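What you see is a predicted model, and the numbers here were worked out from it, not measured in a lab. Numbering starts at 1 and runs along the sequence shown. These numbers come from the heavy atoms of this one structure, side chains and all, not from hydrogens, waters or symmetry mates. When a ligand or atom number is given, it counts from 1 through the structure's own listing order.
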Amino acid sequence: MSDHETHPSSCLTDLSGRRLSYLRISLTDRCNLRCDYCYHSVNESQIAERELSDDEVIRLVRVFSKMGFDKIRFTGGELLLRDRVVDLIRETAVTAGVSLIGITTNGLLLEKHLPGLIDAGLNRLNVSLDTLDREKFKRITGVDGLDRVTSVISRALETNVFPRVKINTLVMRGVNDDEIDKLADWGLSRRTDLRFIEFMPTRGSGWEESRFVSQDEMIERVRGPLDIDPVIEPNSGPALTFKQRGRPGRVSFISAVSRSFCNECNRLRVTSRGTVVGCLFSGKEIRIRELLDPRVDDETIIAVIKTLTRSQDFRRGIENRTRTWEGPSMRGIGG
Ligand code: SAM
């Protein structure tokens with residue numbers, strides 16, 4: 001047995017008995033888009049605080065892999081603004097026990113990094129895309145980048161490396177709800193899983209009831225023109241997924257507002273400033289950066305994280321589904 005192999009006793013479970021095995025690490029709060037619903041969620045002093053170093057990030061990956069975490073996703077801010085992101089993926093890929101390595105990106109800088117990322121071991125890809133209309137893309141993000149994003153999605157699909165490219169589409173009334181059927185049709189026509197995401201009341205998002213479109217309404221809008229059937233799969237995570245006969249793609253719905261998926265939640269998040277977040281809606285972050293000092297051994301870090309995840313209010317319990325309205329910062333945590 002290698003040093004890194006996990007024993008059942010070293011697995012991480014929380015107070016509700018959920019086994020945690022999926023870590024999302026935010027590499028930076030910086031972003032090259034200016035989406036209104038996300039950009040204002042971090043302040044400049046937060047951004048000025050030192051990001052985790054590459055060594056600290058890799059230490060995190062190693063420590064969590066020892067606790068049975070087999071899936072690591074890097075996110076942000078926009079993670080591709082980090083200089084050595086390809087090296088981080090490469091080192092993650094050779095970490096024993098880690099088999100799924102993903103990124104969530106806005107796609108703007110992906111073209112030049114894609115071959116290197118794939119060569120380094122990337123095998124899961126999520127790209128955010130809220131509209132197929134060039135002018136609207138500019139209005140939402142502040143950048144004329146639609147063609148760059150759609151063409152890199154095609155390029156990623158051609159590589160055949162990713163089982164599906166997942167597309168994250170945040171839906172807001174009056175912004176892109178008129179495109180729901182068109183986006184669904186686009187997603188179904190290629191090997192993507194286009195995931196419609198309910199607008200969450202996160203910090204600085206400008207959330208209002210009037211801008212919110214529920215999962216039920218979205219499904220109805222897709223079902224109008226398109227004949228879709230549910231896909232029943234084990235371990236499908238928080239998404240409710242549909243397919244259409246004879247077409248390669250899928251559409252899914254991620255609905256943290258109108259539905260709860262606490263039962264299936266197996267994830268922990270670490271911000272780029274080295275705090276652990278147990279649940280997007282628990283409102284609690286715990287700083288572990290100091291623990292990543294080379295003088296602290298892995299077992300000490302593991303013991304602290306175990307105590308943390310079993311503390312009462314750190315991970316929202318399965319039974320406690322009420323929302324916290326002050327909300328998390330999406331740009332700070334990475335979704
Ligand atoms: N830069 C990367 C990207 O664009 O995918 C990763 C960070 S971004 C914060 C991750 C995802 O969070 C995006 O798909 C974005 O649409 C989503 N997001 C941001 N604010 C949100 C909100 N208030 N409700 C739901 N999703 C949100």
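Electrostatic pairing of Arg30 and Glu78 does not count as a salt bridge here, judged by no charged N lying under 4.0 Å from a carboxylate O.
For Thr141 (side chain) and Val143 (main-chain N/O), a donor-acceptor pair under 3.5 Å exists by modelled atom type. The backbone N or O of Val171 sits nowhere less than 3.5 Å from a side-chain atom of Glu198 that would complete a donor-acceptor pair.
At a 4.0 Å heavy-atom cut-off, ligand 1 touches Thr105 through the backbone alone. Of the heavy atoms in Leu170, only side-chain atoms (C-beta onward) come closer than 4.0 Å to ligand 1. When non-hydrogen atoms are compared, ligand 1 lies under 4.0 Å from the side chain of Thr75 (C-beta onward) but not from its backbone.
Residue Ser205 places no N or O, backbone or side chain, under 3.5 Å from any N or O of ligand 1. Residue contacts with ligand 1: Gly76 is placed with no nitrogen or oxygen under 3.5 Å of a nitrogen or oxygen of the ligand (distance criterion only). For the pair Asp130 and ligand 1, the shortest N or O to N or O distance does not fall below 3.5 Å.
Scanning the protein heavy atoms around atom 10 (C) of ligand 1, the nearest turns out to be Gly334 O, 3.8 Å. Nearest protein neighbour of atom 17 (C) of ligand 1, counting heavy atoms only, is Met330 CE, 4.1 Å. If you check which protein heavy atom lies closest to atom 13 (C) of ligand 1, you get Ser128 OG, 3.3 Å.
Taking the six-membered ring for Trp and thresholds of 30 and 60 degrees, Phe212 and Trp207 have ring planes inclined between 30 and 60 degrees apart.
Residue Cys38 places a heavy atom under 4.0 Å from ligand 1.
Just one residue in the list Leu117, Leu125, Val149 forms a side chain to side chain contact (heavy atoms under 4.5 Å, CB included) with Thr105, and that residue is Leu125.
Atom CD of Glu220 is surrounded by 12 or fewer heavy atoms from other residues, nucleotides or ligands within 6.0 Å.
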